[in-house]
Amino acid sequence: MLSSPSQLPAKGEFMDKQERLGERSYKWIYDLKSWLIMLPGIVLFMFFVWGPLLQSVHMSLYKTRNIELVEFVGLQNYIRVISREDFTQALLNTLSYTFWSLLIGFMIPIFLAILIGETLKGKGFIRTAAYIPNILPGLATVLLWKAFLSAERSGVFNVILGYFGFEPMVFLSQSNLVIPIIIVTATWKGAGATALIYMAGMAGINPELYEAATIDGAGIWRRIRYITLPAIFNLSSTMLILQIIFIFQIMYEPLVLTGGGPDDASLSLMLLMWRYAFGGNMDYGRASAVAVLIALLLLVFTTIYTIVNKRKTNWDM
Amino acid sequence: MSKPLRTGVIRDYDVKSPSVKVGLVFIYLVCFVVVVVSLFPIFWVALAGFKDLQEYVSSTSIFPSVFDIDRYIRTWTQLNIMRNYINSFYAITGSVLCALLFNGLLAYGIAILKPRGYKVVNSLIMFSLLIPATIGIVPLFMNIQNLGLGGFFTPLWFAAGANAVFVVLFRQFFESLPSTIIEASKIDGCSQLQTFFKIVLPLSKPIYVVVTIFAINAAWSDFLLPYLVLGDGQWQTVMVRLFIFSTQQTVTADDLMRSVVFSMLPPVIFFFVFQKQLTQNIVTAGIKG
C-alpha cells in the first residue's frame with residue numbers, strides 16, 4: 001500500500017526477452033497455485049454434486065443390484081419407469097404442486113411485503129413473527145402440521161370444524177385437497193422470509209417517486225401498480241424460478257405427511273425416485289432414471305424462463 | 001412541516017381520507033392474522049407437549065389440564081435426546097468449518113485469483129444452483145457406501161464444503177472488496193494463500209457470519225442425507241431420530257410432540273440471540289443472490 005500501482009514501471013516497458021519469459025512462467029506458476037487453492041473445493045463439488053449428477057445418467061442405463069451395476073440395459077429403465085401409471089400420476093402431481101405453489105406460495109409473500117410495509121407501529125414485531133416459521137426445521141414443521149390435520153376429533157382443524165358444528169374430517173385422505181394442503185404448509189413456512197426479501201427490495205424505492213405520482217394524480221392503487229410492482233419485478237422473476245426449482249424437489253413433505261397417498265394423490269416425482277431407491281426395492285437404476293427425467297424437466301423450465309426473461313428485459317430497454 | 005412518518009405507498013397526506021383510514025385498519029387486521037397464524041402452531045405444540053397420551057388424543061382444549069414439566073423431562077431422559085443433541089453438535093461443528101473453508105477458498109479463486117480457465121468452474125457452480133441437490137442423492141449414497149464412509153459424520157461434514165449457494169455468496173462479497181488492497185498485499189510479497197488468510201478473511205467477516213448462520217441452520221435441519229449416512233447407528237442427529245420416529249411409529253404421539261419441541265427449541269433460541277444479524281444479513285444476502 002506504500003506505492004500506488006501507477007508509480008511502478010508499466011508492464012513490458014523495461015523487459016527484455018528473458019524477463020518476458022520469466023513473466024510467462026510466473027503467470028504459469030500463479031495459475032497453478034491458484035488452482036491448487038481451489039482444488040479441495042472442486043474435489044468436494046465433484047464428489048457431492050457434479051459426480052452424482054453424471055453418475056445418475058450413467059446408472060440410469062444399467063440394471064442394478066444393491067449398489068452394483070449388473071448389466072447395460074440401454075433405455076429400458078426409462079421405458080419401464082415411464083410406462084408405469086405411478087409416473088404419469090407423479091408427473092401430473094408435480095405440475096399440480098407447481099401450479100398451487102405459484103398461485104399461493106408466489107403471491108402471498110408479495111401481498112405480505114406490501115401490507116407489512118404500510119404498518120408503522122409494531123412493524124418489527126410483525127416482521128419477526130412472520131419470519132419465525134422459517135427458522136424451524138422443515139421436518140418438525142411437517143410433523144406439526146400432521147398433528148394439526150389429524151383425523152382425530154382432537155386435531156386442531158377438526159376442533160375448529162367442531163366449533164361450527166361440522167363432523168371431523170380426514171383432511172389428508174381427500175385426494176383433491178392434499179396437494180393444496182401441502183402447499184399451504186410449505187407457504188406457512190416460507191412466506192415470511194420471502195416477504196422480508198421483497199420488503200428489502202421495496203425499501204430501495206425512492207419515496208419521492210410516490211409523491212411525484214400523487215401530484216400527477218395517481219391514487220394508492222395506481223402507485224402500487226406503476227411504482228411498487230415494477231420495482232420488484234426483477235426480484236420476483238428470480239424468486240419465481242427459485243420457487244419452481246424448490247417445488248420440483250418437494251419430497252419429504254408428502255413422504256412424512258401422507259407417504260404419497262391417498263392412492264398416490266400426493267406422490268411427487270422426487271418421492272417416486274425415493275421410493276424406487278429407498279422404499280424397499282433398492283432399484284437404484286430406475287431411481288436414477290427418474291432423477292434424470294426431473295433434471296431434464298427442470299432444464300426445460302429454466303431454459304424457457306431464461307428466454308422469456310431475456311425478451312422481457314429487451315422490451316424494457 | 002414535520003418529517004414524514006410513512007415511507008411506503010400510503011403517504012402521510014393520504015391518511016386524512018377516511019377510506020384510507022379504513023384501509024389502514026384493514027391492513028393491521030390482516031397483519032394481526034398473519035402474526036397469529038405464524039405463531040399459533042408453535043405455541044400449540046409447546047402446550048401439547050404438556051399433555052399425556054390420553055389427554056393428547058382426546059382433549060380438544062389447547063391448554064393441558066396441568067402444566068407438568070416432568071413430562072418433558074421424562075421424554076428427554078427416556079429417549080435419551082441429549083445424546084442426539086450432542087451428535088447434532090458434532091455434525092454442525094464439522095459442517096460449519098468445512099462450509100467456511102472449502103467454499104470460501106473456492107470463491108476466492110473464482111472472484112479474486114481468477115486463474116486461466118476459472119470461468120468453467122464458475123459456470124459449473126452456477127449450473128448446480130439450478131439443479132436440486134437431492135437429484136444426485138442415490139449415486140451419492142452409493143459412493144459413500146462403496147468408500148465405506150457410512151455410519152459417521154465425515155460425508156456430512158464434507159458435503160457442507162460443496163454448497164453452490166455459499167460459494168456464490170462468498171464470491172459476490174469478495175468481488176466487492178477493493179482490488180487495490182489485494183494488489184498491495186501481492187506487492188508486499190504475500191502468497192495467494194497468505195493474502196486470503198491475512199487480507200481477504202478479516203475484511204469479509206459479515207459474509208462469514210451469514211454463511212455460518214446458514215450452515216448451522218442447514219446442518220441442524222437436514223435429515224435426508226444424514227438419515228442415509230448415519231442410519232440406525234449411534235451417531236443419529238436430532239433430525240434423523242425425529243425422522244425415524246415419524247416413519248417407524250416407534251414412539252407414542254405425545255412423545256413425538258415433545259420430540260418436535262426439542263427439535264425446534266435450539267433454532268428458536270438461536271434466532272432470538274442472533275435476531276439482528278439474521279434478519280439484516282440474510283435480507284442483504286438474499287437481495288444480492
Side-chain angles (χ1 to χ4, degrees), chain A residues 1 5 31 33-35 37-38 40-42 44-45 48-50 52-53 55-56 59 67 115-120 126 129-130 132-133 135-140 143-144 147 152-154 159 192 196-197 200 207 210 220 223-224 228 245 248-249 256 270 277 284 287-288 291 294-295 298 302, chain B residues 5 7-11 14 27-28 30-31 34-35 38-39 41 44-45 57-60 102-103 105-106 109 113 115-116 121 124 128 130-132 134-136 138-140 142 145-146 158-159 161-162 183-184 192-193 220-221 223-224 239 242-243 246 257 260 263-264 267 271 283 286-287:
Chain A
M1 272 184 268
D31 281 353
K33 278 188 184 165
S34 308
W35 278 106
I37 288 173
M38 292 159 72
I42 294 174
L44 290 182
F45 264 95
F48 287 101
V49 186
W50 304 326
L53 271 181
Q55 273 174 292
S56 293
M59 263 170 60
I67 51 177
L115 289 181
I116 299 177
E118 295 310 321
T119 57
L120 278 182
I126 299 167
I132 279 189
I135 60 158
L136 304 173
L139 178 61
L143 290 171
L144 181 60
E152 309 274 343
R153 231 163 240 283
S154 57
V159 172
L196 226 63
I197 293 176
Y210 290 127
I220 290 167
R223 278 175 248 162
I224 293 180
T228 319
I245 294 171
F248 259 76
Q249 56 183 323
V256 175
M270 205 61 120
Y284 296 137
S288 302
I294 300 171
L298 267 180
T302 41
Chain B
L5 282 168
T7 50
V9 181
I10 301 175
R11 316 299 305 175
D14 289 319
I27 286 175
Y28 269 100
V30 175
C31 286
V34 168
V35 170
S38 301
L39 298 184
W44 177 83
V45 72
V57 176
S58 58
S59 162
T60 55
F102 296 117
N103 295 314
L105 280 177
L106 187 53
L113 297 178
R116 267 169 289 187
V121 179
L124 281 174
S128 30
L130 296 178
I131 305 283
T134 330
I135 282 190
V138 174
L140 177 59
M142 283 175 63
Q145 292 297 324
N146 278 333
F158 283 113
E183 284 299 318
Q192 285 111 307
L193 216 53
W220 176 267
S221 309
F223 63 94
L224 287 178
M239 284 305 145
L242 194 61
F243 183 58
S246 71
M257 281 306 112
V260 167
S263 79
M264 299 196 316
F271 175 76
V283 165
I287 288 279

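Naming convention: chains lettered A, B, ... in sequence-line order (proteins, then strands); numbering from 1 in each chain.
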Highest number of heavy-atom pairs under 4.5 Å with chain A among B:Ser128, B:Gly109, B:Ser263, B:Pro132 belongs to B:Pro132
Taking the side chain from A:Gln249 and the backbone from B:Ile135, do they hold a donor-acceptor pair closer than 3.5 Å? no
Structural part of A:Thr302 lying under 4.5 Å from a heavy atom of chain B: side chain
Donor-acceptor pair, B:Trp44 side chain versus A:Leu144 backbone, under 3.5 Å? no
Does any heavy atom of chain A fall under 4.5 Å from the side chain of B:Val9, the backbone, both, or neither of them? both
Value for CD1 (B:Ile10) from CD (A:Glu118), rounded to nearest 0.5 Å, stands at 4.5 Å
Which of A:Gly41, A:Ala130, A:Pro137 touches chain B most, by non-hydrogen pairs under 4.5 Å: A:Pro137
Chain B heavy atoms under 4.5 Å from A:Ala287: which part of the residue, side chain, backbone, both or neither? side chain
Considering only heavy atoms and a distance below 4.5 Å, find which of A:Gly192, A:Ala140, A:Ala277 pairs most often with chain B. A:Ala140
Answer whether the closest heavy-atom distance between the side chains of A:Met38 and B:Pro115 falls below 4.5 Å. yes
Taking A:Ile132, A:Ile224, A:Ile294 one by one, which has the highest count of heavy-atom pairs under 4.5 Å against chain B? A:Ile132
Residue selection (most heavy-atom pairs with chain B, distance under 4.5 Å) from A:Leu143, A:Thr228, A:Leu53: A:Leu143
Are any non-hydrogen side-chain atoms of A:Phe45 and B:Leu124 less than 4.5 angstrom apart? no
Between A:Leu298 and chain B, which part of the residue has a heavy atom less than 4.5 Å away: side chain, backbone, both or neither? side chain
Per-residue contact mode, A:Tyr210 against chain B (heavy atom under 4.5 angstrom): both
Pair A:Leu115-B:Tyr28, side-chain contact (heavy atoms from CB on, under 4.5 Å): steps then yes or no: CA-CA 8 Å; A:Leu115 289 181; B:Tyr28 269 100; over 6 Å; no
Point-to-point distance, once rounded to the nearest 0.5 Å, from CE of B:Met142 to OG of A:Ser56: 10.0 Å
So which of A:Ile116, A:Ile220, A:Val256, A:Leu139 has the largest heavy-atom pair count under 4.5 angstrom toward chain B? A:Leu139
Does any heavy atom of chain A fall under 4.5 Å from the side chain of B:Phe243, the backbone, both, or neither of them? both
Let me confirm one number: the CG-CD1 distance from B:Leu130 to A:Ile245, rounded to the nearest 0.5 Å. 4.5 Å
For each of B:Ser246, B:Ser38, B:Ala159, tally heavy-atom pairs with chain A at distances under 4.5 Å, and name the one with the top tally. B:Ser38
To the nearest 0.5 angstrom, please state how far the CG atom of A:Leu136 sits from the CH2 atom of B:Trp220. 12.0 Å
Rounded to the nearest 0.5 angstrom, the CZ-CG distance for A:Arg223 and B:Asp14 is 4.0 Å
Please round to the nearest 0.5 Å and tell me the distance separating atom CD1 of A:Ile135 and atom CE of B:Met264. 9.0 Å
For B:Phe158, which atoms come within 4.5 Å of any heavy atom of chain A: side chain, backbone, both, or neither? both
